[in-house]
Structures are given as C-alpha cells and as structure tokens.
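Note: hydrogens, waters and symmetry copies are ignored here, and every other heavy atom, side chains too, is used.
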Protein chains: 2
Amino acid sequence: METPGISAPSVPAATEQDEHVRTRLLNAAVRVFDRKGYAAASVREVAEMAGVTKPAVYYHFGSKEGLLLAILHQAERQLSHTLEQADLRPGSARERIVALCEDVYALFGQHVPLARVAHAVFLGPPDGAPPFDVTVFEVKFRRSIERMVEAGIASGEFLPVATEDVALGVMAMLELCNERQLHPAFEPVGPGVVRRLISLFFDGVMNAPRG
Amino acid sequence: METPGISAPSVPAATEQDEHVRTRLLNAAVRVFDRKGYAAASVREVAEMAGVTKPAVYYHFGSKEGLLLAILHQAERQLSHTLEQADLRPGSARERIVALCEDVYALFGQHVPLARVAHAVFLGPPDGAPPFDVTVFEVKFRRSIERMVEAGIASGEFLPVATEDVALGVMAMLELCNERQLHPAFEPVGPGVVRRLISLFFDGVMNAPRG
DNA sequence: GTCTATACAATGATAGAC
DNA sequence: GTCTATCATTGTATAGAC
C-alpha cells in the first residue's frame with residue numbers, strides 16, 4: 001500500500017512498520033494494559049507485542065510504572081487540549097456545553113483502549129497503580145462547565161439554579177455515555193445520545209417556555 | 001462491650017471474634033481485593049488477615065477465583081433484594097424512582113469496600129476477573145426504572161418522552177453519586193444529592209407548570 | 001477442618017556482551 | 001540501543017501430618 005518513491009536513504013521513511021521503539025512500546029502497552037489490567041499485565045508480553053525484548057522497556061521507561069505514567073500523561077495532554085479548545089468556542093451556554101461533551105465523547109471514542117486504561121487507573125485500587133493525580137481533569141472539566149453555566153444564568157438563558165448541581169448533572173450524562181461506549185458488555189449507544197440526554201436534562205433548566 | 005451472661009457452654013456465642021472461618025475469609029478478601037485489586041492481591045495476604053493459613057482458602061473456596069465469585073454473588077443478592085423491595089413501594093412514579101435510587105445509594109454507602117470490589121470487576125479488564133455476568137443487575141435496574149416511567153407517562157404525571165432516555169438519565173445521576181461516594185479522591189457529597197440531582201433532572205420531565 | 005512444608009511457574013528487574 | 005542470560009521474589013496450588 002506504500003508508494004515506493006525514489007529511494008532517499010538519508011531520510012528514513014516514518015512508516016508504521018518502522019516506528020520508533022518508544023512509540024511501538026507505548027501502543028503495545030495500551031493494548032496489553034487494556035486487556036489484562038495494569039497489575040496482571042507482564043512486561044514480557046508488552047515487549048513481545050512491540051517486537052522487542054524486556055530490557056528495551058527498562059531502557060526507555062525505567063520500569064513498568066514509568067510505562068503506565070507515560071501513557072497517562074499522553075491521555076492527559078489530549079484531554080486538556082480538547083478542554084482548552086472548548087473554552088474558546090462561541091455560542092449559547094447550552095450549545096457550548098453540549099458541544100464540549102460531544103467533543104470529549106468523540107475523543108474517547110477515537111481512543112477506546114487508551115480511555116479504558118485511564119479509566120481503570122482512575123477507578124482502580126489505590127495500591128494498584130502508581131500515584132497519579134487523576135482528579136486534575138475532573139476538576140478542570142467541572143470548572144469549565146460551571147463557568148458556562150454561570151454565563152448562562154447571568155444572561156438569563158438559565159434559571160437561577162445551583163451551578164454545582166448543573167455541572168454534576170452534565171458530567172453524569174457524559175460519564176454514562178462514555179461508560180457505555182467503553183464497556184464491551186453494553187450495546188453501543190447511538191451517536192446522538194450525548195446531545196439527547198443533555199438536552200433532556202437541560203429542558204428543566206432553560207428559562208423559557210416549552211415548545 | 002459484651003454482656004457476660006450466665007455461662008451456657010452448649011450454645012457458643014456468635015461473637016465477632018469467633019466468626020466462622022468462611023465469613024472471616026470473605027470479609028478479609030473484600031478488604032484486600034479493595035485495596036490491592038483482585039489481580040494484585042495475594043491469597044497469602046487474605047489468609048493472614050483472616051487469621052488462618054493459605055490452605056484454608058483452598059478448602060473453603062477452591063481457588064482465588066472462587067473467593068471472588070462468592071463475594072460477587074453476595075453483592076448480587078443484596079442488590080436484587082433492594083430492587084425487589086422497590087417494585088412493591090407505593091407512591092407517585094417520581095417519588096418511587098427517587099426512593100429506589102436513594103435505597104441503592106444507601107446500600108452502596110453501607111458496604112463501600114464490597115461495592116468498590118464489585119465496581120472494579122464490572123469496569124475492570126476482561127481478562128482480569130473470572131466470567132461473571134455483571135450486566136444482570138444493570139438490566140434489572142433499568143427495567144425497573146422504565147416500568148415506573150411508563151406508569152408515570154400513562155397516568156399523565158410525565159410528558160410523553162422517550163422512556164429509555166429517562167431511565168438512562170436517572171441511572172446517570174445515581175452512578176455519578178455512587179462514584180463520588182465510592183472513590184476516595186472525591187470530597188463526599190451531601191446526603192441529599194441523589195434526590196437533588198434527580199429532581200433537577202425530573203423538572204424537565206414533569207408534565208406540570210413550574211413552581 | 002486446619003495446619004506445615006513444598007512444588008512449580010511466572011514475575012520485575014539487572015548485569016554485561018555487542 | 002538492543003540483545004542473552006540470569007537473579008531474587010512472589011504467585012497459586014497441593015501433599016500429607018494431625
């Protein structure tokens with residue numbers, strides 16, 4: 001499937017087959033941690049799936065923990081990026097909140113194994129994973145929603161309800177959708193569920209007559 | 001703290017110190033699985049915390065998996081019991097739904113370590129735990145809510161909205177509250193959150209003027 | 001029923017050659 | 001940077017005494 005261009009040996013092509021070992025190890029670790037869980041996964045299996053041997057893992061990441069931490073930092077960067085983009089979006093408060101949730105939902109859907117690993121660390125046993133502040137994204141996300149809600153209240157778009165409860169309700173809807181998107185035992189929910197559920201929730205918040 | 005009654009040696013007192021080995025092992029396993037995670041927990045640690053030795057575990061439960069399955073069946077029985085009670089409760093649809101969610105929330109709060117272990121198995125890696133149909137309770141719970149919603153629609157208490165979406169929204173609120181009750185990184189939410197959040201959600205569903 | 005002692009496999013991690 | 005070979009530890013599970 002590759003276009004065999006004129007050979008340029010001084011510029012090694014970055015094909016998927018010839019990725020850097022670091023990247024191959026990260027991708028393999030996500031797959032193995034996702035299937036076996038971090039504690040039950042073995043460094044040997046990760047190395048084999050990446051096509052290298054065990055010492056390569058310890059050379060690049062120092063330990064099994066270092067491998068997981070690299071994965072988590074990668075996830076954190078992607079989430080923070082999505083969050084920062086949403087803060088700059090124009091539109092009504094309601095539409096901005098829905099759009100942010102749809103963005104996060106889409107991001108999770110594009111990186112299901114990575115999201116599952118991060119989710120497992122977030123909810124997993126305290127002793128099972130290395131210390132990693134998993135609440136930083138939750139706090140950032142809640143603050144973003146709360147700012148949007150406050151703007152909506154100030155503009156008269158929302159009723160003067162409890163800002164914190166509205167943020168929790170929105171997060172609840174998004175988390176439910178993500179859970180059902182990530183967990184293999186659930187039948188997949190349609191693409192419009194996020195918008196539908198949050199709209200259902202908002203129709204008790206909007207300061208406007210129904211219809 | 002025990003009342004030293006007249007000695008009755010033929011009836012051994014069921015003090016907490018003198019529980020049956022089976023029960024002590026179950027309680028210890030919940031604590032260890034909760035802290036370390038099922039995969040990382042060792043049978044030796046469970047046995048030591050129960051005050052017995054390793055072979056006692058294999059005598060009573062056959063294997064480490066059998067120990068976990070006994071724990072999960074115990075949790076399943078408690079949840080099914082709460083669900084069956086809620087189906088018989090009288091009152092309006094809205095109040096019955098809120099009461100059911102408060103019951104489940106209280107049940108989780110009374111058995112936090114057990115709930116965390118069950119939650120971890122539910123969301124954990126597919127290869128990490130033995131096969132156990134964790135969706136059975138989720139389906140039962142959703143059907144209960146859906147029946148209540150349909151009754152509310154039929155009686156005119158609710159607007160003719162999508163029953164499935166309402167059930168999902170209610171479950172989302174309950175799950176968020178339970179997550180924050182179970183996860184040590186979250187500051188505890190107050191006792192009225194379940195009712196408050198679900199009420200906030202319902203105020204967009206009720207077929208009645210606001211106020 | 002519960003113990004001591006042990007079999008046996010697998011793990012995370014390292015040393016040192018190349 | 002990546003390999004081969006190896007170490008010390010820990011895991012589940014069992015055999016057999018009592």
- Message: With a strict under 4.0 Å distance from non-hydrogen atoms of chain B, what nucleotide opens and what nucleotide closes the contacted stretch of DNA chain C, reading 5' to 3'?
- Response: C/dG1 to C/dT6
- Task: Check ring-ring contact (aromatic ring centres under 6.0 Å, His included) between B/Phe141 and all other residues, then give those that pass, not counting sequence neighbours.
- Result: B/Phe137
Can you tell me if [X] uses its side chain to pair, donor with acceptor, with the backbone of [Y] under 3.5 Å?
X        : Y        : result
A/Arg35  : B/Pro125 : no
A/Arg96  : A/Asp87  : yes
A/Gln181 : A/Tyr105 : yes
B/His183 : A/Phe122 : yes
A/Lys64  : A/Ala39  : yes

- Message: Could you check whether any side-chain heavy atom of A/Met173 comes within less than 4.5 Å of a side-chain heavy atom of A/Leu200, counting everything from C-beta outward?
- Response: no
- Item | Side chains of B/Val166 and B/Phe202 in contact at under 4.5 Å (non-hydrogen atoms) | yes
- Item | Residue whose nearest DNA chain C nucleotide is more 5′ - B/Val21 or A/Glu65 | B/Val21
N/O contacts under 3.5 Å, protein versus nucleotides 8-12 of chain D?
| unit_1 | atom_1 | unit_2 | atom_2 | d |
| --- | --- | --- | --- | --- |
| D/dT12 | OP1 | B/Ala41 | O | 3.2 |
| D/dT12 | OP1 | B/Val43 | N | 3.4 |
| D/dT12 | OP1 | B/Lys64 | NZ | 3.1 |
| D/dT12 | OP2 | B/Val43 | N | 2.9 |

